[in-house]
Amino acid sequence: GYKGILDFSGGVLFEEYYTYLGYFGASFINGVNLGAHFSIGIGVGIDYRSRYYYDDGYDGEAHAGHGYTDLNVPVFLNLRIPFAKNRRVSPYLAANVGYSFNVWSGYELKENNVCGGHSYIYFEPSFGLDFRIKRHSSFFIAISSPLNFCHKDNKLQLPAVGAKMGFTF
């Protein structure tokens, strides 16, 4: 049958040269259950990323920092595998695989960032727990790690560590 998923995410990004990196987003997935142990769906989301670079300068003195923000729209295939179907609490593995389109960018420091201001290949594995509310609906929490392959420089962006929460129906 049908499986809808609405999730909200946030976390910390890891990139060389940046001292503050954060992201938050939301996505909606329309999917189907294929048997008791697998679901697949198509999703779309919105993803806001903010980075701040602190420049300590060549002379050892502190200088003003630089930063940028990105607004991206990922479009992806969602795969989800529950481990204990029909239980009140069920662990699961999931992955989003697709492409993230950069729709707005306001960044200054182009030479050191990997994907800022560019669209990229999107991959986000996650591990979580589903807490069943009713027969076909649940609340979930998860740990995720978005990985981005930016074809601007053919570089893999260092992974992020984040959390997700949402509802399935």
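Nothing here was measured: the structure is a model prediction, and the numbers come from that model. Excluded from the calculations below are hydrogen atoms, water molecules and symmetry mates; all remaining heavy atoms, backbone and side chain alike, are included.
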Do you know which two heavy atoms are closest between Pro74 and Ile46, and how far apart they sit? CD-N, 4.1 Å
Decide yes or no on side-chain contact (heavy atoms from CB on, under 4.5 Å) for Val89 and Phe131, but give the supporting numbers first. CA-CA 5 Å; Val89 178; Phe131 300 91; 3.6 Å; yes
Sole candidate of Phe24, Tyr23, Trp104 that passes ring-ring contact (aromatic ring centres under 6.0 Å, His included) when paired with Tyr48: Phe24
Point-to-point distance, once rounded to the nearest 0.5 Å, from CG of Leu71 to CZ of Arg49: 11.0 Å
Tyr122-Tyr99 aromatic ring centre distance below 6.0 Å: no
May I ask you to test the Val75-Val44 pair for a side-chain heavy-atom distance under 4.5 Å? yes
Take Phe76 and Ser27, measure what side-chain contact (heavy atoms from CB on, under 4.5 Å) needs, and give me the verdict at the end. CA-CA 10 Å; Phe76 54 89; Ser27 63; 3.9 Å; yes
Does any non-hydrogen side-chain atom of Ile42 lie less than 4.5 Å from one of Leu77? yes
Show the numbers, then the answer: is there a ring-ring contact (aromatic ring centres under 6.0 Å, His included) between Phe169 and Phe167? CA-CA 7 Å; Phe169 50 94; Phe167 297 95; 8.8 Å; no
Looking at every heavy atom in both Tyr92 and Leu129, which two are closest together, and how far apart are they? CE2-N, 3.6 Å
If we ignore angles and hydrogens, is there a donor and acceptor under 3.5 Å between the side chains of Ser50 and Thr69? no
Minimum-distance pair of heavy atoms, taken over all atoms of Ala163 and Ser144: N-OG, 4.3 Å
Would you say Ile143 has more than 12 foreign heavy atoms packed within less than 6.0 Å of its CD1? no
Is the shortest heavy-atom distance from the side chain of Val103 to the side chain of Asn72 under 4.5 Å? no
Inspect the contact between Arg88 and Asp130 and indicate whether a charged nitrogen and a carboxylate oxygen are less than 4.0 angstrom apart. no
Considering non-hydrogen atoms only, spot the tightest contact between Ile81 and His37 and give its length. CG2-O, 3.7 Å
Which atoms form the tightest heavy-atom contact between Ser90 and Pro82, and what is the distance? OG-CB, 3.9 Å
Quick one: do Lys164 and Asp7 make a salt bridge, cutoff under 4.0 Å? yes
Tell me whether Ser100 contacts the main-chain N or O of Ser119 through its side chain, where contact means a donor paired with an acceptor under 3.5 Å. no
Asp70/Asn102 under side-chain contact (heavy atoms from CB on, under 4.5 Å): CA gap, chis, key distance, verdict: CA-CA 7 Å; Asp70 283 328; Asn102 181 257; 3.7 Å; yes
Is there a side-chain contact between Phe127 and Pro91 (heavy atoms, below 4.5 Å)? yes
Does the cation-pi check pass for Arg132 over Phe140, that is, NZ or CZ under 6.0 Å from the six-membered ring centre and within 45° of its axis? no
Ser9 OG to Met165 CE distance, which is reported to the nearest 0.5 Å: 11.0 Å
Worked verdict on Lys3 versus Val32 for side-chain contact (heavy atoms from CB on, under 4.5 Å): CA-CA 5 Å; Lys3 181 172 194 148; Val32 293; over 6 Å; no
I'd like to check Leu34 versus Ile40 (side-chain heavy atoms, cut-off strictly below 4.5 Å). Are they in contact? yes
So which heavy atom on Ser39 is nearest to which on Asn33, and how close? CB-OD1, 3.5 Å
Modelled atom types, side-chain donor and acceptor of Tyr2 and Asn30, under 3.5 Å: yes
